[in-house]
There are 2 protein chains.
Amino acid sequence: MSSRSSAKRADALRSIDAILQAAAECLGRNPEASLSEIARAAGVGRVTLYAHFASRAEVVDAAMARAIERGNAALDSVDLTGDPRLALARLVEASWHLVDEARALLVAAQRELSAGRIRELHDGPASRVETLVARGRAEGVFRTDLPISWLVNVLHTVMHSAADEIRAGRLAPDHAAAHITATVLAAFTPPGKLVPELGDPR
Amino acid sequence: MSSRSSAKRADALRSIDAILQAAAECLGRNPEASLSEIARAAGVGRVTLYAHFASRAEVVDAAMARAIERGNAALDSVDLTGDPRLALARLVEASWHLVDEARALLVAAQRELSAGRIRELHDGPASRVETLVARGRAEGVFRTDLPISWLVNVLHTVMHSAADEIRAGRLAPDHAAAHITATVLAAFTPPGKLVPELGDPR
DNA sequence: CAAAAGTCGAACAGCAATGTTCGGGTTATC
DNA sequence: GATAACCCGAACATTGCTGTTCGACTTTTG
């Protein structure tokens, strides 16, 4: 298991890590950041970068994959049992911040990677949401008149748009989670049922 | 009034129009389309294009402005009186298709124009929605626990995401309006009230 | 019909990024 | 401590787009 990537020296692994971290930062700041810029930020020669990644696309892909994987790992500690509505609220509380951080990186990824690849990268976290939504439907608290994939997409979209609103200065960061939760919970409520009131959970 | 732009010959106006139309098509297909490509598609020399637009950004700006203005004009015929929920449904029915068409163009605009400028271009249609939402709130059918700007943004976002879903093949175009309406209407419902059932309006 | 305005193709200059090669220096690793 | 892996800067070739200039030709317009 540990001998799997014995081809790489500890040295190289450190460089790769520095590059990916720098890529996340630079591309987050500016989606058009050049590879030279990233290499410089990583404290690494441009040639070294090319030694590890064949193309720009590979760098973006790896950086995005890392960001998502980390975010996904962070969500493992969220308790998704109990009332699906409360579980969803907890998930949002833990997620939106990650989305906000990765948002700019995503923009870069959208330029470089195919839509299919991006979805592929996302389907770790997506399936987590999917499971929760499915349970909520089974328990009758989430609507069944719209496809699960649509509902998952709504959550995803609303979180991203909140990130945009924050960046545009139209939404205070400490209101974000409450707004997202209130919106999505209402959107998920089956027609004919009452929209839940969460009572400002601050 | 008609003498305002007497500086331009009928000739030139035709070229400009052809360029903007071609720009909308090309950039819609591929946000990175070059100016040569656009000029060619417009059946016009590249030099002619530069005679009318100083830079790439100006072309994109003008094309986007035209698309939005046209869309906005098309919405003038939508009846926004009566029950705000039904009015919203009518607005969505008429809008989502326009959003879908302009979506790819928007991607191009986001690369070339500042976020502020894009918002500025959008605030014609946005204010229309804003008025409707405000009325719905005053009548007690839309929630007041979230800012108007957030609600407007949710509608905008959900429509765009529907366009994405269609393009990805996960949403049939003839379901789009119903999905959007069902989602947004629920999202706009005040906590403690019933989510409206629209009964498949097909 | 004649001047003004517009169009066109070709060619040029500039730029910025990508990706590659080379040779010499460093550092892990066994 | 020797060898292989790695790092690095500089330089090069390539590509593709932008924006400009030139001179000749065509169309409006009054």
Side-chain angles (χ1 to χ4, degrees), chain A residues 1-23 25-63 107-114, chain B residues 1-23 25-63 107-114:
Chain A
M1 220 178 282
S2 63
S3 64
R4 167 64 185 287
S5 38
S6 61
K8 302 268 178 197
R9 239 169 52 174
D11 210 354
L13 294 179
R14 230 178 305 137
S15 288
I16 292 179
D17 208 66
I19 290 171
L20 291 183
Q21 183 164 341
E25 285 167 17
C26 291
L27 294 174
R29 220 177 311 116
N30 164 26
E32 306 182 58
S34 71
L35 293 189
S36 324
E37 215 171 317
I38 294 173
R40 204 181 328 127
V44 132
R46 203 167 66 95
V47 187
T48 301
L49 190 153
Y50 275 103
H52 295 298
F53 301 94
S55 73
R56 177 186 178 79
E58 261 187 40
V59 177
V60 175
D61 190 306
V107 172
Q110 279 166 337
R111 302 197 183 191
E112 233 73 39
L113 274 37
S114 77
Chain B
M1 232 171 277
S2 63
S3 63
R4 168 63 186 287
S5 39
S6 62
K8 303 268 177 197
R9 239 169 54 175
D11 212 356
L13 294 179
R14 230 180 302 138
S15 287
I16 291 178
D17 208 68
I19 290 171
L20 291 184
Q21 184 164 340
E25 285 168 17
C26 291
L27 294 174
R29 220 179 310 116
N30 164 25
E32 305 183 59
S34 71
L35 293 187
S36 324
E37 214 170 318
I38 294 173
R40 205 180 327 124
V44 131
R46 200 168 68 96
V47 187
T48 301
L49 190 153
Y50 275 103
H52 295 298
F53 301 94
S55 73
R56 178 186 177 80
E58 260 186 40
V59 177
V60 176
D61 190 307
V107 172
Q110 279 165 339
R111 302 197 185 191
E112 232 73 42
L113 275 37
S114 76

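Dashed line: the shortest gap from a side-chain N or O of A:His52 to OP1 or OP2 of D:dC7 is under 4.0 Å. Residue B:Arg14 places at least one side-chain N or O closer than 4.0 Å to OP1 or OP2 of D:dT28. At the phosphate of C:dT7, OP1 or OP2 sits under 4.0 Å from a side-chain N or O atom of B:Ser15.
Residue B:Val44 places its side chain closer to C:dC8 than to any other of D:dT18, C:dC8, C:dT18. With distances taken from any side-chain atom of B:Thr48 to the nucleotides D:dC8, C:dT7, D:dG19, the minimum falls on C:dT7. Checked against D:dG9, C:dG9, D:dG19, the side chain of A:Val47 finds its nearest nucleotide in D:dG9.
The 5' end of DNA chain D is approached more closely, in terms of each residue's nearest nucleotide, by B:Arg46 than by the other of B:Arg46 and B:Asp11. Two residues, B:Ala12 and A:Glu37, neighbour DNA chain C, and the one matched to the more 5' nucleotide by heavy-atom proximity is B:Ala12.
The closest donor-acceptor contact from the side chain of B:Glu37 to the backbone of B:Ala33 lies at 3.5 Å or more, if one exists at all.
Here the P atom of nucleotide C:dA17 and the CZ atom of A:Arg111 are 13 Å apart, to the nearest Å. In this structure, NZ of A:Lys8 is placed 6 Å from P of D:dC6, rounded to the nearest angstrom. Distance A:Tyr50 OH to D:dG9 P: 15 Å, rounded to the nearest Å. Per the geometry, CD belonging to B:Glu32 stands 11 Å off P belonging to D:dT18, to the nearest Å.
For D:dT29, the base has no donor-acceptor partner in the side chain of B:Arg9 [N/O atoms by modelled type, under 3.5 angstrom].
Residues B:Leu35 and B:Tyr50 are in side-chain contact: their nearest non-hydrogen atoms beyond the backbone lie under 4.5 Å apart. Between B:Glu32 and A:Arg111, the closest side-chain pair of non-hydrogen atoms is not below 4.5 Å.
For the helix from C:dC1-D:dG30 to C:dC30-D:dG1, the end axes, each set by the C1' atoms of five terminal pairs, are bent relative to each other by 30° (nearest 10°).
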